[in-house]
2 protein chains.
Amino acid sequence: MKIYAGGVDGNRSLERGIEILRAFRPGIDTLGNSEIAERTGLARSTVSRLTRTLVNTGMLDEAPDTKGYRLAASVIGLGHAMRSGSPVLNTIGPLMRAESFKRKLNVGLATADRTMMVYLESVRYSPRATLRNIVAGQQIPMELTSLGRAYLAGLGKPERTALITQFKRRTAAATRALLDEVSASIATVERQGYCSVSWQRGVLAVAAPLVVDGLPVYALNMSLQDVEPSDALAAELGAYLLAFASKCKAALSM
Amino acid sequence: MKIYAGGVDGNRSLERGIEILRAFRPGIDTLGNSEIAERTGLARSTVSRLTRTLVNTGMLDEAPDTKGYRLAASVIGLGHAMRSGSPVLNTIGPLMRAESFKRKLNVGLATADRTMMVYLESVRYSPRATLRNIVAGQQIPMELTSLGRAYLAGLGKPERTALITQFKRRTAAATRALLDEVSASIATVERQGYCSVSWQRGVLAVAAPLVVDGLPVYALNMSLQDVEPSDALAAELGAYLLAFASKCKAALSM
DNA sequence: TCCGGCAGTTCCACTTAGTGGAATTTAGGG
DNA sequence: CCCTAAATTCCACTAAGTGGAACTGCCGGA
């Protein structure tokens, strides 16, 4: 009874290489081999070989005095390829920009990467209309935000519970109360189509799932800064969001 | 005389996995396994296993009816991490935005990915000042643009010739004349610090290398749309660019 | 409904390519 | 100039990955 490596689960070296890339979280400048080895739990020699490969393939740059590595420019090239290939972003992006302009608020589209939500696009409205900022790739925690909770609500039961298990494992602290909040938000989405969380002072955000079959689940959000969060305001935003979400769904199914 | 695999050149599976990711060029929506196999020259079974791994690690999503894969959201997460970790972009980015605003022109910062230039940031100035667009990750060919040629000029001889060899291999057509143009541009950069190419009608662009030691070579560019390219205009832009480049260098060496 | 034709996956004998611990080299820092 | 820490290389070992072939499932015609 022999077990064959090929064809069962993934390719180990590739998995590890990707894990190394992922060790570069936002804000991190350079990582040395031993630091990577520590974070990933790989043998130092293995890391040395894999980072070399990643440099050769152009995914990492060797930093100054070879004391470390940083992500290379080709990863943003990939990011651009992803965005420009995404049919969802391509159809919804323009709608988001128009909506942001019309309603004078921030509009975001995101989906999950493990337990983080990552923005495909986030259109930031600024009262000083001279600059409109569009950000992509920013990551925010799933459990804490309306965006993430709306995403969870859009997911099937099994995936959802898998993620919730991960939250438990990840954050030992703040567990019980937080998980209850999460379930409450999910229930709210199921009832009224959106949920609202104000996790930063003066910021009100509402979010709704965007489920199109055959595609990953997405979530849309709208938010306002420098306001006094209130139920009335949340309801108003929620109404806008629901209208916008259904417009998006319509545009996608054409 | 045995040759040991570990430790010599890179890890084969990882190399191949990355090559698969790279097969998703901008604008491509989905790729199926056999299409990938074709593009990369790998065995179909190998591709099947590697794509599975890439899905497990979150780099690819399975498209609708499993007829293909697309880049997953986590690649833009990586892109964001790269940008937010880049010390060069962090110090120069704000300067670029200010400069674009002040001079009313486009300002870009890029570096190479193989034979393409990829923008870390491209600040697009629009006369309708209500929108200023910032794009990252866009790729443009190195040989055809002032940006790419300035980059080449900033490179060491060996790297430069290696790239030029690649151009020859890549584009069979338009070789001789084009290569001469490239050398001419490089010479221009060496003489006056920048070069200028107008490869699209009505667009004038000037570019200069940005070399900071211990870091990859970058290139800065400035461009104007909807103008009649002329030597006088190019000289004016060039002067702005040189001033800006030296301001950047100063900011970086602090 | 049945039959190609095709894309994807699985099987499996083969062996190379990758692994990790130990030894070695390189680089600072005091 | 030595001493510590990090990175790299060495190498015996074999699990892990490979590719061709067989298999499965699907769609489009007729």
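Below, chains carry the letters A, B, ... as their sequence lines are ordered, and counting in each starts from 1.
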note: A:Asn33, atom CG; C:dT26, atom P; distance rounded to Å ~ 17 Å
Note to self: Under 4.0 Å between a side-chain nitrogen and a carboxylate oxygen: does that hold for B:Glu190 and B:Lys157?
What the structure shows: no
Between A:Arg12 and A:Thr51, whichever has its closest DNA chain D nucleotide further toward 5' is A:Thr51
What residues 34-47 of chain B contributes to the DNA chain C interface at heavy-atom separation below 4.0 Å is B:Ser34, B:Arg44, B:Ser45
| said: Would you say that A:Arg49 contacts B:Asn11 through its side chain, given a criterion of any heavy-atom pair below 4.5 Å between the two side chains? | reply: no
Among D:dG17, C:dG18, D:dT8, the one nearest any side-chain atom of B:Asn11 is C:dG18
Here the distance between atom C1' of C:dT9 and atom CZ of B:Arg52, to the nearest Å, is 7 Å
Shortest non-hydrogen pair, B:Gln139 vs B:Val118, comes out as CG-CB, 4.2 Å
When rounded to whole Å, the CG to C1' distance for the pair A:Leu60 and D:dA7 reads 16 Å
Of C:dT9, C:dG18, D:dG17, the nucleotide closest to the side chain of B:Ser48 is C:dT9
Checking D:dG17, D:dT8, C:dG20 against the side chain of B:Ser13 (C-beta onward), the nearest is D:dG17
note: B:Leu50, atom CG; C:dA17, atom C1'; distance rounded to Å ~ 14 Å
Heavy-atom distance under 4.5 Å between the side chains of A:Glu159 and A:Val217, does that happen here? no
Here the distance between atom P of D:dT8 and atom CG of A:Asn56, to the nearest Å, is 12 Å
task = Could you check if a side-chain atom of B:Leu120 sits within less than 4.5 angstrom of a side-chain atom of B:Val88, using non-hydrogen atoms only?
result = no
Here the distance between atom C1' of C:dG8 and atom CZ of B:Arg49, to the nearest Å, is 13 Å
query: Are side-chain heavy atoms of B:Leu147 and B:Tyr119 found at a separation under 4.5 Å?
result: yes
_Note, A:Leu71 side chain near A:Leu60 side chain (heavy atom, < 4.5 Å)_ = yes
OP1 or OP2 of C:dT19 under 4.0 Å from side-chain N/O of A:Arg16: yes
Atom CD of A:Glu15 and atom P of C:dT19 are separated, to the nearest Å, by 12 Å
